[in-house]
Amino acid sequence: MKALDELTFDNRFARLGDAFSTHVLPEPLDAPRLVVASEAAMALLDLDPAVAQTPVFAELFGGHKLWAEAEPRAMVYSGHQFGGYTPQLGDGRGLLLGEVYNEAGEHWDLHLKGAGMTPYSRMGDGRAVLRSSIREFLASEALHALGIPSSRALCVIGSDTPVWREKQERGAMLLRMAHSHIRFGHFEYFYYTKKPEQQALLAEHVLNLHYPECREQPEPYLAMFREIVERNAELIAKWQAYGFCHGVMNTDNMSILGITFDFGPFAFLDDFDAHFICNHSDHEGRYSFSNQVPIGQWNLSALAQALTPFISVDALKEALGLYLPLYQANYLDLMRRRLGLTTAEDDDQHLVERLLKLMQNSGVDYTLFFRRLGDESAALAVTRLRDDFVDLAGFDAWAEQYKARVARDGDYDEEQRRARMHAVNPLYILRNYLAQNAIAAAESGDYSEVRRLHEVLSRPFEEQAGMEQYAQRPPDWGKHLEISCSS
Ligand code: AMP
Ligand code: MG
C-alpha cells in the first residue's frame with residue numbers, strides 16, 4: 001500500500017511532445033472537498049484507501065497541489081460530432097496529469113476533468129459541474145462492476161467555485177483513469193491536418209504500448225485495427241445486452257482501447273425501449289439505443305479512413321466486415337446467458353427478438369425482468385412475470401417457446417439455474433432517478449447517498465441486505481428525466 005507521494009510516474013504521452021499536447025496547469029477549485037472515492041480504483045494505483053480522507057487528497061485532485069513528477073498536458077484531437085467533422089477539439093476542460101505505473105506493472109493515465117481552461121476550451125469555461133462529475137463517477141465504476149470495459153473513476157472533488165450552466169452550479173473535478181486517453185479523434189486530427197510524421201508517431205505509440213502482440217503479425221497496423229474492431233464489437237454487444245445508452249458516440253469519445261469512454265448524458269434503460277434517446281440534444285436520435293450498433297461501425301469506418309496511410313483500403317474494408325457478425329455473435333451469447341441457456345440453437349435469436357418486442361410493447365423493466373426470470377424455475381418465473389405484459393396471448397406463446405427451449409437445454413436443478421442466472425443478471429443498475437436522488441443530496445452538501453449508491457453498484461449481482469429500495473422500478477417522475485449535454 002502506498003501513500004499519495006509514493007506514486008511512480010512515467011509520462012509516455014507527454015514525451016511525444018508539443019505537437020500532441022500542451023502543458024497547462026490545473027486551475028484550483030475553491031474549498032475542495034472529497035465527495036466520493038472508489039477504493040477499487042485506488043487499489044489500481046496501490047493506494048491505501050485511508051489516504052482519500054486526508055486533506056492532501058482533495059488538494060491534489062482539486063487542482064491545488066501537483067506531484068513533482070506530474071506533467072499536466074491538454075491533448076489535441078478532433079472528431080466527427082453527430083456525423084459532421086469538427087477540425088479541432090482537444091481537452092477543453094481536462095488534463096492528463098501523468099501516467100502512473102503500479103506494482104503489477106500496469107500504466108494508468110490520471111486525467112483530471114474540470115481542471116480549467118486550456119488552448120482547446122473554445123467557448124467553454126473549462127469546468128465540470130458536480131452533477132455531471134457524480135454521474136460519470138457512478139457510471140464508470142458501475143460499468144466496471146457489471147463486467148463492461150470502461151474508463152475508471154478515482155474520485156470526485158466538490159467545491160464552492162461557482163459555475164454557470166442553465167443556472168448557477170458548483171464546480172467539481174473527476175479523476176478519471178484509463179490505460180490510455182487516446183481516441184479515434186487523435187488519429188483523425190493528424191490525418192486531416194496532413195501531418196504524416198506525427199500520425200506515424202502516434203500509430204507507433206499506440207501499437208507499442210497498447211497492442212504489442214500485434215507487432216508479431218505480418219501487418220502490425222492491420223492486426224491492431226482488427227483488434228480495435230473486435231473490441232468495439234464486444235463492447236457494444238455488452239451495452240446492448242445490459243441496456244446501456246452512451247449518448248454521445250462522437251468519434252472523439254471513442255477510445256482506441258475499445259472501452260466505454262467520455263459518456264455524457266448516458267442512461268441505463270429502465271423500461272425496455274429500442275428507440276430510447278438519452279441525450280435530449282440528440283433530436284434525430286442518431287445515438288438512440290438501437291442505433292448504437294450501426295454507429296459503432298460508422299465510427300470504426302471514420303477511424304479506418306484516418307488509417308489509410310498505413311493500411312490498404314481493401315484490408316481495412318475486410319476488417320470492418322468483421323464488426324457486425326462479431327457483434328451479433330457476442331450479443332446472442334450474452335442474451336442466451338441472460339435467459340439462463342447453456343447451449344446454442346439456431347432459433348435463439350428469434351426467441352430474444354420476440355421477447356424484446358413484447359417488452360417494448362408493454363414497457364417492461366429490462367433489468368428486473370431478467371433478474372426475476374432467474375429467481376425460480378422457468379415455469380414458475382414466467383407465470384409470475386406474465387402480469388407485467390399487456391399482450392398476454394403474445395407473452396403466453398413466448399413463454400411456451402421459452403419453457404420448451406429450457407427443457408431442451410438441459411436437466412439442471414433450480415438452485416444451479418438461479419446461481420447461474422443471478423451471476424449475469426444484475427439486481428442493481430444505475431437508474432437515472434437513483435443518480436438524480438444522490439445528486440440532489442450532494443448539491444445540498446450531503447454526500448452519503450452518492451457513497452451508498454456507489455457501494456451498492458459495486459456489487460450489482462449480489463443481493464444486499466437493507467438495499468431493497470435500489471432494486472425497484474423507478475417512480476413515474478424518474479422515467480422521464482431529461483439529461484442535458486451542458487455538463
Ligand atoms: P464532450 O461533450 O465532453 O465530449 O466535449 C466535447 C468537446 O468540448 C471537448 O473538446 C471538450 O473538451 C469540450 N468541452 C466540453 N465542455 C467544456 C467546457 N465546459 N469548457 C471547455 N471545453 C469544453
Ligand atoms: Mg468528449
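Every number for a ligand or one of its atoms is a count from 1 in the order of the listing.
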Should Leu44 and Arg152 count as side-chain neighbours, where that means a heavy-atom distance under 4.5 Å? yes
Within the 4.0 Å heavy-atom shell around [X], which atoms of ligand 1 are there?
X      : value
Arg165 : 19 (N)
Gly90  : 9 (C), 10 (O), 11 (C), 12 (O)
Ser121 : 21 (C), 22 (N)
Gly126 : 18 (C), 19 (N), 20 (N), 21 (C)
Gly124 : 18 (C), 20 (N), 21 (C)
Asn253 : 4 (O)
Leu89  : 10 (O)
Asp262 : 4 (O)

Are the aromatic ring centres of Phe289 and Phe244 under 6.0 angstrom apart? no
Between Trp108 and Tyr101, does the ring centroid distance fall short of 6.0 Å? no
Give every protein N, O or S atom lying under 2.8 Å from the Mg ion (ligand 2), naming each by residue and atom. Asn253 OD1, Asp262 OD2
Is the shortest distance from a Lys or Arg side-chain nitrogen in Lys479 or Asp271 to a carboxylate oxygen in the other one below 4.0 Å? yes
N-O pairing of Arg170 and Asp160 below 4.0 Å: yes
Cation-aromatic face contact Arg459/Tyr470, 6.0 Å, 45 degrees: no
May I ask you to check if Arg127 and Trp164 form a cation-pi contact, with NZ or CZ under 6.0 angstrom from the six-membered ring centre and within 45° of the axis? no
So the salt bridge (charged side-chain N to carboxylate O under 4.0 Å, His left out) pairs with at least one residue in residues 190-212 (sequence neighbours excluded) are Glu204-Arg215
Backbone or side-chain N or O of Asp125 under 3.5 Å from ligand 1 N or O: yes
Nitrogen or oxygen of Asp91 less than 3.5 angstrom from that of ligand 1: no
Spacing of Leu60 atom CG and Leu66 atom CG [to the nearest 0.5 Å]: 7.5 Å
Of Met117, Lys113, Arg122, which has the heavy atom at the shortest distance from atom 8 (O) of ligand 1? Arg122
Please verify whether a non-hydrogen atom of Gly264 lies at under 4.0 Å from ligand 1. no
Only counting residues at least two apart or in another chain, list the ones meeting ring-ring contact (aromatic ring centres under 6.0 Å, His included) with Tyr191. none
Under 3.5 Å, which donor-acceptor pairs link side chains of residues 259-269 to any protein atom two or more places apart or in another chain?
| from | atom 1 | to | atom 2 | distance (Å) |
| --- | --- | --- | --- | --- |
| Thr260 | OG1 | Pro149 | O | 2.7 |
| Thr260 | OG1 | Trp239 | NE1 | 3.1 |
| Asp262 | OD1 | Lys113 | NZ | 3.2 |
| Asp262 | OD1 | Arg176 | NH1 | 3.1 |
| Asp262 | OD2 | Arg183 | NH1 | 2.8 |

Quick look: Val248 vs ligand 1, heavy-atom contacts under 4.0 Å, and the answer is neither
Closest approach of Val156 and Leu174, non-hydrogen atoms and distance? CG2-CD1, 3.9 Å
